[in-house]
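Before any comments, here is the structure.
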Amino acid sequence: ARKVKVDWKVSSIDYLYREERFAADYRTISEVGNAYRLDDGKEVSRSDVALLVASLDRLYPTQWFVRGHACCHFYPEWAVELVGADGQRVFLTSDSTGNRGYAPWNVLINGRLYAQYDGAIGEALGKLFGGRLAEPAVPTVYEHNPDRVVLATQDLPPQLSVGYAGLVPLYERLEYTANREAGRIEGAITLYRGLKHTTQAAADSRTGRVARINSVTLSPPGKADVSCELTETEGEFEFEAVWRFTCPHPISDDGSHYNIPIAVDGTTLSGKHLPMSGELRGVWGARGKLPLLPPPVEIASAIPSNPEMADLITDHTLVNAYYTGRLNSSHPLLGTRMGDVMLASRKTVNGRSVGYVVTTEFTLSEGKLARLDLDRAKLDALLDDLIALPAVARVLDTAPNTVLDLIYADEGRAGPMGEPMGGFGERAYSLLVNPCRAAEAKTQPAANQPLWGISFGFDVERHIPQFVLIDGRLVAHHISVGSVPDPVWEALTSAEGVRWCGQP
């Protein structure tokens, strides 16, 4: 585990609490002279700030956000950013209800993700800001075993997937893209505006719920400030408003990093003026790409315990691991994790080099990789047979850079672990393929017939393969195609050896 140095000097803390998407409490602590003060002027104990820094301990590297939401009576969410005197930022968040201290807490430092499983961060924040975190740090469901932690992987923080820092009141509300052809940055801020029945008392209690955007300004380093064009549009729901901004800015495509200060002026539901600041961060030319973080240490360190994985990893990259888990907060690298592991590589078949990812199930138990369906022989058979199919060959002829998305599962799978609400959703490793004209319905995997699933990258739903291989032929299983023509889709619809139910 890692920790933040206890003598790290904090200059400000932004705190946001939201519940069920609507209620919000936003407050700041800033160092003024020799004292820390809340935004209402009240002095804050330096020892309480030091306690928060000291709580940033026992941080275990993760690849995704992890959460332990256990029930549906309320949906809390905390987003907190600490900014140091040295300019470094530490971001903290949790939306868990099933474990003591609202653990696990996710921690983002310098582009790396960590998790704290014992809830100490929540207790320290409670001393500073009160609210639910100041209540006794007991789990909401698992009172009989307060040291047990249930969790599921979730997603990447928007700071990494969208690319920004700061702007805490707009956490998960901001999106933007770099339009190189038009020479501008285009973005949107989705807000939950006041409903007709909202009383002024309720509005006053929601000090952090931004209801209006007044201006967006970029400050490119070494250049004049850029005032962005701003328009309001209707959101998907009646209580949503989308503020779209367009900012002229030269866009590179060379893979270099950018860091552009941004200022957003807003108004809260209660009419309070709320200036917000941060930075747009990312890599030019990386539009649509997500950063690939290293796999969690407990999975990486368990690879040698499984001969099949130890062999596969010699020429594959472990792309990601999604899972649910049950563990003890005192020994969080042990316990049990069950889920999906994805490997990526290339293989040359009949002179054709093909890129692929393959996903299969795993079980990690007490630090050892106890179960993995896939091995070298099974993978070779899957690749050789699939790549030789006329339909797959036609796709690769049409779009040689297509990455095949494969699924493998044997009969007798362990089945999913009971999981927290939301978060991880396992891939479909047991399928009933519906009757197709004269063909009878079949369940896979079956005796002597593993599940071989394949998807081709157009409108893929992550959990469900588009095609499965049955009796040497591709059978369409789950396909959703948008209105935009896709060359891979067109190649499939005209390929031989694909069995369709009805008209494609």
Side-chain angles (χ1 to χ4, degrees), residues 1-17 25-62 65 78-94 101 104-116 118-130 133 156-160 162-172 174 208 219 221 257-264 274-282 291 293:
R2 300 180 182 181
K3 66 178 180 180
V4 171
K5 292 182 178 179
V6 294
D7 59 354
W8 183 52
K9 184 174 175 58
V10 173
S11 59
S12 66
I13 304 172
D14 280 21
Y15 170 91
L16 176 68
Y17 171 72
D25 177 19
Y26 174 68
R27 284 180 282 170
T28 61
I29 293 176
S30 302
E31 189 174 32
V32 181
N34 294 321
Y36 285 105
R37 295 189 181 278
L38 282 162
D39 44 10
D40 62 3
K42 180 181 177 181
E43 185 170 349
V44 175
S45 168
R46 298 189 73 89
S47 62
D48 287 346
V49 175
L51 178 65
L52 175 58
V53 175
S55 75
L56 303 178
D57 197 354
R58 301 173 300 285
L59 308 178
Y60 294 86
T62 59
F65 268 172
W78 291 270
V80 183
E81 187 174 66
L82 289 70
V83 181
D86 56 5
Q88 294 195 83
R89 300 172 184 262
V90 174
F91 179 77
L92 318 171
T93 187
S94 170
W105 282 85
N106 297 282
V107 183
L108 177 64
I109 306 174
N110 294 330
R112 290 296 302 271
L113 272 177
Y114 304 88
Q116 184 194 78
D118 59 22
I121 290 173
E123 183 177 350
L125 285 170
K127 288 184 67 66
L128 283 170
F129 297 102
L133 295 177
L156 285 175
Q159 288 91 337
L160 295 181
V162 176
Y164 68 88
L167 302 173
V168 172
L170 302 179
Y171 177 63
E172 294 187 325
L174 169 72
S219 300
H257 289 260
Y258 62 85
N259 193 324
I260 307 171
I262 181 173
V264 180
L274 184 61
M276 297 162 278
S277 63
E279 299 167 343
L280 303 184
R281 294 178 170 181
L293 301 183

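Just so it is clear, the structure is predicted and the values come from calculations on it, not from any experiment. Computed over heavy atoms, backbone and side chain alike; hydrogens, waters and symmetry mates excluded.
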### Task
Among Tyr26, Tyr171, Phe129, find the one that has a ring-ring contact (aromatic ring centres under 6.0 Å, His included) with Tyr15.
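Of the listed options, the one satisfying the test is Phe129.
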Of the non-hydrogen atoms in [X] and [Y], which two are nearest, and what is the gap between them?
{"X": "Ile109", "Y": "Leu59", "value": "CD1-CD1, 4.3 Å"}
{"X": "Gln88", "Y": "Asn110", "value": "OE1-ND2, 3.1 Å"}
{"X": "Asp57", "Y": "Gln116", "value": "O-NE2, 3.0 Å"}
{"X": "Leu52", "Y": "Ala124", "value": "CA-CB, 3.7 Å"}
{"X": "Pro169", "Y": "Met276", "value": "CB-SD, 3.6 Å"}
{"X": "Arg58", "Y": "Ala120", "value": "NH2-CB, 3.4 Å"}

What's the separation between atom [atom1] in [X] and atom [atom2] in [Y], rounded to the nearest 0.5 Å?
{"X": "Lys5", "Y": "Leu56", "atom1": "NZ", "atom2": "CG", "value": "14.0 Å"}
{"X": "Glu172", "Y": "Leu167", "atom1": "CD", "atom2": "CG", "value": "13.5 Å"}
{"X": "Ile262", "Y": "Leu174", "atom1": "CD1", "atom2": "CG", "value": "6.0 Å"}
{"X": "Leu170", "Y": "Leu274", "atom1": "CG", "atom2": "CG", "value": "8.0 Å"}
{"X": "Thr28", "Y": "Asp40", "atom1": "OG1", "atom2": "CG", "value": "9.0 Å"}
{"X": "Asp14", "Y": "Leu92", "atom1": "CG", "atom2": "CG", "value": "11.5 Å"}

Tell me, do [X] and [Y] make a side-chain contact under 4.5 Å, heavy atoms counted?
{"X": "Val4", "Y": "Val107", "answer": "no"}
{"X": "Trp8", "Y": "Asp86", "answer": "yes"}
{"X": "Ile29", "Y": "Val10", "answer": "no"}
{"X": "Trp78", "Y": "Leu133", "answer": "yes"}
{"X": "Gln159", "Y": "Tyr164", "answer": "yes"}
{"X": "Thr93", "Y": "Phe65", "answer": "yes"}
{"X": "Leu113", "Y": "Pro157", "answer": "yes"}
{"X": "Leu156", "Y": "Pro291", "answer": "yes"}

### Task
Return yes if a side-chain donor-acceptor contact under 3.5 Å exists between Ser45 and Ser47, otherwise no.
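Distance-only check passes for Ser45 and Ser47.
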### Task
Not counting sequence neighbours, which residues clear salt bridge (charged side-chain N to carboxylate O under 4.0 Å, His left out) with Glu31? List them please.
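Per chain and number, Glu31 pairs via salt bridge (charged side-chain N to carboxylate O under 4.0 Å, His left out) with Lys9, Arg46.
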